[in-house]
Structure formats: C-alpha cells, structure tokens
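Only one structure is covered here, and it is reproduced in the block below.
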Amino acid sequence: MANVIVIGAQWGDEGKGKITDLLSKSADVVVRYQGGVNAGHTVVVDGQTLKLHLIPSGILYPQTECIIGSGTVIDPELLIAELDQLAALEISSQNLLISETAHITMPYHRLIDQAAEERRGEHKIGTTGRGIGPTYADKSERTGIRVLDLMDPEGLSKKLRWTVGYKNVILEKLYNLPPLDPEEVIDQYLVYAERLRPHVVDCSLKIYDAIQRRRNILFEGAQGTLLDLDHGTYPYVTSSNPVAGGACVGAGVGPTMIDRVIGVAKAYTTRVGEGPFPTELGDVIGESLCDRGAEFGTTTGRRRRCGWFDAVIGRYAVRINGLDCLAITKLDVLDQLPEIKVCVAYEMDGKHYQDFPSNARHFARCRPVYKTLPGWQQPTDHCRSLKDLPPQALEYLKFLAELMEVPIAIVSLGASRDQTIIVEDPIHGPKRALLYANSAPLGSRV
C-alpha cells in the first residue's frame with residue numbers, strides 16, 4: 001500500500017494530468033485536493049484528447065474511485081458538463097465522489113472576479129475569471145455555499161436569498177453591474193443539486209476507510225508550487241495551496257498517512273499570467289518551445305510564456321514539498337536545439353543566490369546565471385528506455401537530478417501514455433532512482 005501526492009514543481013501546466021493518469025493505473029483511489037476550474041488536465045488516450053478541470057484523470061480507469069476533496073471549489077455547471085463529456089465518450093462516472101464540505105462557485109463569484117481583474121488595470125494578477133478567488137474569499141469570510149447546502153433545498157433557498165442580496169450591493173455599487181435574481185439562482189442550483197446528489201459523500205471518512213483497508217491512494221493537486229497562496233510568487237498566485245501540505249488539509253487526512261511525494265516538472269519552464277519569470281525567452285527559441293510544446297492553457301487557451309529550466313525554483317519546490325522523486329515531462333520539445341541552458345543560480349546586485357527569494361520585488365530583479373549544455377538534435381519521442389536516449393539527453397537529465405538533489409523516476413516524451421520512460425516505479429519502488437548522483441551545492445548559499 002502507498003499513499004502518494006503528485007504536485008507541480010513549477011508554475012503549473014507541468015503535465016501532471018498525464019503523470020496522474022499513468023500512476024492512476026496502480027491507484028485504487030485518486031483524490032483532487034484543491035483548486036477549481038481554473039486548472040485543467042489534458043490527457044490523450046487512444047488518440048482521444050480529454051480536457052478535465054475538476055474530475056480527477058483517474059476516472060479513465062473503471063476500477064479507480066475518484067474523489068473531489070473538501071479543499072476544492074466546485075462550479076456545478078462545469079462539473080456537469082464534464083460528466084456529460086465523459087458520458088458521450090462512454091466513460092463511466094459512477095466512481096466519482098464529491099466531498100459534502102467542498103465549496104461551491106456561484107454566478108456572483110465569476111462576475112466579481114472578472115470585474116475586479118479589469119479594475120486592477122496594470123496591476124492585474126492574470127486570473128482565469130472563473131470565480132475561484134472570490135469563492136475561496138467567501139470560504140474564509142464564512143459566507144460560502146457548500147455542497148451540503150445544495151443538498152438542503154430549504155436551507156439553500158434561505159441562505160442564497162440573503163447572500164445574493166448582499167452580493168448584489170457589491171455588483172451594483174462597486175462595479176456598476178446589474179443585480180442577480182436570487183430566485184433564478186436558487187432554481188438553477190437546485191437542478192444542479194439533484195444531478196450531483198448521488199455522488200456526494202463525507203470525503204475524509206471515505207479516504208480514511210480506504211487507508212484502513214490498505215488501498216493505494218493518489219492525491220493530485222492543481223496548479224504548481226510557485227502558485228501556492230502562501231509559498232508562491234505572491235501576489236501572482238492562486239487562491240489555494242497546491243503544495244504537498246495542502247493535500248492533507250484539502251483531503252482531510254493526517255500527514256503521517258502520506259508515504260511519498262512526487263514532483264512534476266517540464267524539461268524547460270513555462271508560466272501563464274502576470275509576474276516575474278527570470279528565465280523567460282522573448283526570442284525565437286521561446287517561440288519554438290511554445291509551438292513545439294503546444295503551450296496553450298487547458299482552461300483559458302492563453303499562450304504560455306516559455307523559458308529555460310530554472311533549478312532555483314526547482315530546488316525550492318523540492319524543499320517546500322519534501323519531494324521524493326521527479327517526473328520530467330516534454331523532454332522531446334528540446335530535441336531540435338543545438339544547445340540548452342539551465343538556470344543554476346540568480347544574480348542580483350552583483351551577488352549570486354541559489355535560493356528562491358520571498359520578496360517579490362527582489363525576485364523581479366533577479367537575473368539567471370546559466371550553465372550551457374550540448375543539445376542532441378535528434379528525436380526522442382520514440383524512446384522507451386534510458387538506453388534509447390541520445391547520450392546528451394541522458395546527461396541533461398542527470399544534470400537536472402544532481403542540481404535538484406532528488407531522483408528522476410519518470411521521463412515523458414510526448415502526450416500519449418506510451419511515450420514514457422519509467423525509470424522506476426515511483427509508487428512501489430525504492431526511494432532512490434537510477435538518474436541520481438549526489439553532488440555538492442553549487443557555490444555559497446546566501
């Protein structure tokens with residue numbers, strides 16, 4: 001039995017959907033523990049592309065139980081659309097379970113999110129406009145609507161009449177928007193409630209029962225470490241905790257029940273939205289990475305900013321999450337490059353820094369210190385074992401492992417399930433993978 005957390009080790013969009021899909025094959029239960037429809041997983045199966053925002057990608061395995069945990073925020077309309085998408089593809093959603101204490105995204109959350117972002121002007125954060133931040137804000141303010149409220153028509157009606165009236169004041173007076181009709185909102189959400197009712201459970205109890213029965217549980221997060229509300233590049237962050245510690249809170253389990261944490265990182269770096277990005281490439285190489293990597297957001301379709309691999313944020317992700325091993329994705333995107341750069345430190349005011357700065361103003365001033373490695377300039381998407389890789393590609397992976405001081409267990413070379421090298425079983429294998437060698441820290445840590 002193993003209880004494993006899969007997290008993003010960069011700014012999200014690392015390819016967690018594919019890795020979670022691969023690992024779900026060995027999992028009895030998959031739990032989504034935070035985020036909302038502002039995140040998305042793209043999974044390619046038998047030539048079919050599935051874009052899932054709330055439903056865990058483990059739903060593709062009929063034997064796997066999938067739970068949307070308490071730490072998520074749920075947009076019922078979009079969740080039902082995903083259920084319909086699965087039904088159209090003849091994929092059963094019978095094993096989908098929804099935490100009764102998860103919070104619900106309402107129409108006023110979306111309106112406030114979009115209006116607030118527009119009003120920020122040059123100070124905009126780059127939100128998806130899906131109402132995620134306002135939903136979490138109401139959760140903290142203790143005025144939120146939860147799944148269990150949906151299951152109580154009388155209580156929901158009473159709550160929403162007051163809440164919609166309260167939000168209408170904000171919509172009208174602050175943002176000059178028309179008010180919502182509380183009765184229309186109530187009627188709409190009562191319909192959603194009946195569709196979702198068969199899936200609603202006590203999430204924490206369900207997971208605890210699975211642990212007691214020694215079942216394999218996979219906890220999947222949305223976004224990535226550098227978007228964490230507490231530990232990311234604030235204020236350009238999401239409204240929840242994608243880091244490994246967030247899995248315990250969002251799923252309702254204790255930390256002693258976790259056996260392993262797996263980090264997912266691209267062989268380069270991308271970022272969506274606003275905020276500093278030291279290794280960003282605004283040249284033809286950056287364009288090439290974007291085009292070859294199909295770097296467009298699953299949720300918004302926005303073009304992702306692309307740059308070289310950043311080992312400073314990588315080491316930070318190792319530390320913040322307690323990573324046991326890594327999955328490196330999209331190695332094949334680098335196939336055509338004659339040389340490849342890796343950021344090994346930052347330079348600011350003439351000094352080199354190996355550690356990620358907490359101060360956002362300092363981070364914006366950091367410049368990357370690069371190590372240049374030779375490229376391999378040949379395709380790797382057909383490789384299925386380490387010995388199939390060009391020597392330079394293998395050396396690149398070893399260099400990343402040494403810099404991050406954590407083993408690499410999986411290498412992904414394309415979107416399909418079979419375009420993967422499993423160095424070792426990251427769930428059941430030993431904690432030391434083959435692509436790892438101890439090395440002294442590079443320079444002084446200041």
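A quick note: this is a predicted structure, and the numbers were derived from the prediction, not measured.
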Between [X] and [Y], a side-chain donor and acceptor under 3.5 Å:
X: Thr329; Y: Lys18; answer: no
X: Gln188; Y: Tyr192; answer: yes
X: His103; Y: Asp138; answer: no

Validation row: [X], [Y] side chains within 4.5 angstrom (heavy atoms):
X: Tyr61; Y: Asp21; value: yes
X: Phe219; Y: Val253; value: yes
X: Asp310; Y: Phe277; value: no
X: Tyr189; Y: Ile145; value: no
X: Arg195; Y: Leu83; value: yes
X: Ile421; Y: Cys383; value: yes
X: Leu229; Y: Tyr136; value: no
X: Leu403; Y: Arg315; value: yes

| Ring centres under 6.0 angstrom apart (Phe356, Phe363) | yes
Are the side chain of [X] and the backbone of [Y] linked by a donor-acceptor contact shorter than 3.5 Å?
X: Asp332; Y: Asp381; value: no
X: Arg292; Y: Glu295; value: no
X: Asn95; Y: Cys66; value: no
X: Arg305; Y: Gly273; value: yes
X: Tyr396; Y: Trp376; value: no
X: His199; Y: Leu96; value: yes
X: Arg215; Y: Gln212; value: no
X: Asn216; Y: Asp28; value: no
X: Glu82; Y: His53; value: yes
X: Thr420; Y: Arg417; value: yes

Please report, to 0.1 Å, the donor-acceptor pairs under 3.5 Å made by any side chain of residues 237-248, with sequence neighbours excluded.
residue, atom, partner, partner atom, Å
Thr238, OG1, Asn38, ND2, 3.3
Ser240, OG, Gln34, NE2, 2.8
Asn241, ND2, Asp228, OD1, 3.2
Asn241, ND2, Asp228, OD2, 3.0
Asn241, ND2, Asp230, OD2, 3.0

| request: Verify the neighbour count for atom OH of Tyr208: are there more than 12 heavy atoms of other residues, nucleotides or ligands below 6.0 Å? | output: no
| Is Gln94 atom CD crowded by more than 12 heavy atoms from other residues, nucleotides or ligands, each under 6.0 Å away? | no
| message | Using side chain to side chain donor-acceptor pair (under 3.5 Å), reason through Ser385 and Asp388 one step at a time and then give a plain yes or no. | response | CA-CA 5 Å; Ser385 68; Asp388 296 335; 3.2 Å; yes
| request: Compare every heavy atom of Lys330 with every heavy atom of Ala294, then report the nearest pair and how far apart it is. | output: O-NZ, 4.5 Å
| For the residue pair Val423 and Val411, what are the closest heavy atoms and their distance? | CG2-CG2, 4.4 Å
| note | When Val201, Leu79, Leu196, Leu97 are each screened for side-chain contact (heavy atoms from CB on, under 4.5 Å) with Ile68, the one that passes is Leu79
Sequence neighbours left out, cut at 3.5 Å: what donor-acceptor pairs do the side chains of residues 153-160 make with other protein atoms?
residue, atom, partner, partner atom, Å
Ser157, OG, Pro153, O, 2.9
Lys159, NZ, Gly144, O, 3.3
Lys159, NZ, Asp149, OD2, 3.2

